[in-house]
Amino acid sequence: MIPSILPTYSRAPMSFVKGEGSWLIEADGRRFLDLGAGIAVNALGHAHPKLVAALTEQAQAVWHTSNLYHIPAQQKLADMLVEKTFADTVFFTNSGTEACELAVKMARKYWFEKGQTDRTEIIAFEGSFHGRSAAGIAAAGSEKMTKGFGPLLPGFTHLPLGDHDALQAAISDKTAAIIVEPVLGEGGIIPLPDACLKGLRDLCDSHGILMILDEVQCGVGRTGKLFAHEWAGVTPDIMMVAKGIGGGFPLGCVLATEDAASGMTAGTHGSTYGGNPLGCAIGCAVLEEVGSDAFLAEVNRKAGLLRQKLEGLVAAHPDVFELVRGSGLMMGIKCKKPNIDVVNAGYAAGVMTVPAADNVIRLLPALNIPDEDIAEAVTRLNSAAESLG
Ligand SMILES: *Cc1c(COP(=O)(O)O)cnc(C)c1O
């Protein structure tokens, strides 16, 4: 008999009744150090007082009005994002995959309005993840996500990452945009070298192609800059954001330059919930915290501490782990043992990590994880590794 919840997930046998900072607590009181943070969502940990206050205050004022009217919290968050980024304009969604839908629509509409109506093709990269909607699975293109769901949204070409010749060959006068994650998340925590992102930007510029960056996982302070592309000193034309921006409340957005967004006039896109007062009030609180230089400096310091400890962990367990890679507090450990076994051994030791492709476990802790929790997490990962060794 089919379960009452559509069985699309394979869940670990845990459930939590409370969250405190970097900790999750089961009904029997068992405590887990949460290095998954709801897959890079709980950017400020669980039950952060400022986020609880922002949510409570907005909840007591007004929850939802629809986008038929002005929404002050949405205006405030848009203004903050425009001030802090390359973007001139923002559209709010509830999730990352909805951001992908708009990014694709925006890129196509751009060329349509320029009179280049068959300039609709989008180049994407193998191993990427852009969400589970029709545009998201078509963009990522992997058989794992698309099999059985055809016919797929047409117009996507998939290239291996780092294959410059394939990229040059794939570009034509029909190429509307290139979409890429600056740090692949689900794909196994693979940071694109700065030179690679710069090269992509140059290529886009020389062919007039729009650059779409998917910062749904690597954005909002995760890598130690507010957005990961800042490390490379380039800016996209369109950017997808979600996960961390809501700190645990469903919120996403698409950021764009005025030019890239020029086709999106009144009536061309919309969302009933997108940019609702609750989500945007929390988004403002998240951005006020994460967007400060002092906070980002702390992320970088903590990232250095975690990385150093993880290098030691990997060196101590060469039979379990192979190497550490990542950027900021978006770390991956490539395993020698099956990554699922390592994740499960972590659960037994009271520490939560998230599996990713390429036999990697992901460490995506709260960006404000205390130093002592970093130390405790690595102690627990060490116990997990010992149990597998
Ligand atoms: C999680 C993720 C998405 C999809 O976000 P949802 O909120 O699950 O729809 C898209 N792109 C990247 C890079 C992601 O990590």
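Order of appearance sets the numbers: ligands from 1, and atoms from 1 within every ligand.
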request  = Using heavy atoms and a cut-off under 4.0 Å, could you grab the residues that are in contact with ligand 1, chain by chain, numbers ascending?
outcome  = S95, G96, T97, F129, H130, G131, E181, D214, V216, Q217, K243
remark   = Contacts of F249 meeting ring pair (Phe, Tyr, Trp, His ring centres under 6.0 Å) (sequence neighbours excluded), chain-then-number -> none
task = With sequence neighbours excluded, tell me which residues meet ring pair (Phe, Tyr, Trp, His ring centres under 6.0 Å) with H48.
result = none
ask   = Can you tell me how far the CD1 atom of I238 sits from the CZ atom of F91, to the nearest 0.5 Å?
value = 13.5 Å
ask   = Can you check whether Y347 reaches T353 side chain to side chain, under 4.5 Å on heavy atoms?
value = no
message = Show every salt bridge (Lys or Arg N to Asp or Glu O under 4.0 Å) that has at least one partner inside residues 183-204, sequence neighbours left out.
response = E186-R362, R201-D205, R201-D237
request  = For N67 and Q74, test the side chains for any donor-to-acceptor distance below 3.5 angstrom and give the result as yes or no.
outcome  = yes
